[in-house]
Peer 1: 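Have a look at this one before I ask anything.
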Amino acid sequence: MATMRERYVRNVVMEVSSHAIALQRIKGSHFSIVGFTNLTQDHLDFHHTMEEYFLSKAQLFTYEYADKALINIDDAYGKLLASKSEIPVITFSLTDSHADWMMKAAIANQSGYEITIRGAGGILIEGQAVEFIW
């Protein structure tokens, strides 16, 4: 990241693991926006319980680390995080019409998906989402 800064890179997208948070590897970092999709049992070897895992991840959703959050409220832990976050939250969902942003349709086609997303204030976004195959 130091090299990126030297080269005047101004925007970075990165995944921050719960391990990095727990081990304070991101101390001193600050993000414009942080996102939460879901919690699974992938890291219980490190955290031991889902509660411990959640509390570790939740630290990222504080003013110490971020200005704003984008949270999936279809996940039970996401819904809990959205209700407890100290930073402003934008919610998204595939099923919950109370979310700030909701996927209304995703229809598969040959090149990806035709999508329809409804946002706050009645905003409607329709378009093509390309499916990447690695």
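None of these values were measured; they are calculated from a predicted model.
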Peer 1: Please check if the number of heavy atoms outside His98 that lie under 6.0 Å from its NE2 is greater than 12.
Peer 2: no
Peer 1: Roughly how far apart are Arg10 CZ and Met4 CE, rounded to 0.5 Å?
Peer 2: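 Here the rounded value is 10.5 Å.
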Peer 1: Please collect all ring-ring contact (aromatic ring centres under 6.0 Å, His included) contacts where either partner lies in residues 57-80, sequence neighbours excluded, each pair once.
Peer 2: Phe54-Tyr77
Peer 1: Start with the C-alpha gap between Asp75 and Thr37, add the side-chain angles, then the distance that decides, and say whether side-chain contact (heavy atoms from CB on, under 4.5 Å) holds.
Peer 2: CA-CA 7 Å; Asp75 181 88; Thr37 53; over 6 Å; no
Peer 1: What is the distance from atom CE of Met1 to atom CD of Glu6, rounded to the nearest 0.5 Å?
Peer 2: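 The distance works out to 13.0 Å.
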Peer 1: What is the distance from atom CD of Glu64 to atom OG of Ser29, rounded to the nearest 0.5 Å?
Peer 2: 10.0 Å
Peer 1: Same cluster or not: Val34 versus Tyr53, using hydrophobic residues (I, L, V, M, F, W, Y) connected whenever any side-chain heavy atoms lie under 4.5 Å apart?
Peer 2: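 Cluster IDs for Val34 and Tyr53 match.
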Peer 1: Determine whether a donor-acceptor pair (N or O, by modelled atom type, separation under 3.5 Å) exists between the side chain of Thr62 and the backbone of Gln59.
Peer 2: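 Confirmed, Thr62 side chain pairs with Gln59 backbone.
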Peer 1: When you look at Phe36 and Leu60, which way does the side-chain contact (heavy atoms from CB on, under 4.5 Å) test go after all the steps?
Peer 2: CA-CA 10 Å; Phe36 178 90; Leu60 187 60; over 6 Å; no
Peer 1: How many angstroms lie between atom NZ of Lys84 and atom CD1 of Ile71, to the nearest 0.5 angstrom?
Peer 2: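 So the gap between those two atoms works out to 12.5 Å.
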Peer 1: For Glu52, give me all partners under side chain to side chain donor-acceptor pair (under 3.5 Å), at least two apart in sequence or on another chain.
Peer 2: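 In terms of side chain to side chain donor-acceptor pair (under 3.5 Å), with neighbours along the sequence ignored, Glu52 is linked to no residue.
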Peer 1: Any idea which heavy atoms bring Ala66 and Ile87 closest together, and the distance?
Peer 2: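 Reported closest heavy-atom pair: O-CG2, 3.4 Å.
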Peer 1: Check whether Phe92 and Ile123 end up in the same hydrophobic cluster, where Ile, Leu, Val, Met, Phe, Trp and Tyr are linked by side-chain heavy atoms less than 4.5 Å apart.
Peer 2: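 Same cluster: Phe92 reaches Ile123 through Ile, Leu, Val, Met, Phe, Trp or Tyr contacts under 4.5 Å.
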Peer 1: Could you pull out the closest heavy-atom pair between Gln128 and Ser111, with the gap in Å?
Peer 2: NE2-OG, 3.0 Å
Peer 1: Hey, are the side chains of Thr116 and Glu126 touching, using non-hydrogen atoms and a 4.5 Å cut-off?
Peer 2: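 A side-chain contact under 4.5 Å exists here.
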Peer 1: Testing Leu80, Asp96, Asp100 for side-chain contact (heavy atoms from CB on, under 4.5 Å) with Ile73, which one passes?
Peer 2: Asp96
Peer 1: To the nearest 0.5 angstrom, please state how far the CZ atom of Arg25 sits from the CG atom of Leu23.
Peer 2: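 Rounded to the nearest 0.5 Å, the CZ-CG separation comes out at 4.5 Å.
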Peer 1: Can you tell me which residue among Thr91, Asn38, Thr95 is in a side chain to side chain donor-acceptor pair (under 3.5 Å) with Asp74?
Peer 2: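 Among Thr91, Asn38, Thr95, the one that satisfies the side chain to side chain donor-acceptor pair (under 3.5 Å) with Asp74 is Thr95.
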Peer 1: List the atom of Ser93, the atom of Ala99, and the distance in Å for their closest heavy-atom pair.
Peer 2: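 So the two residues come closest at CB-CB, 3.6 Å.
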Peer 1: Sub-3.5 Å donor-acceptor pair from the side chain of Arg5 to the main-chain atoms of Val9, do we have one?
Peer 2: no
Peer 1: Which heavy atom of Ile90 sits nearest a heavy atom of Lys68, and at what distance?
Peer 2: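 Answer, listing the atom of Ile90 first, then Lys68: CD1-CD, 3.6 Å.
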Peer 1: Can you tell me how far apart CE (Met103) and CD1 (Ile125) are? Round to the nearest 0.5 Å.
Peer 2: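 It comes to 10.0 Å.
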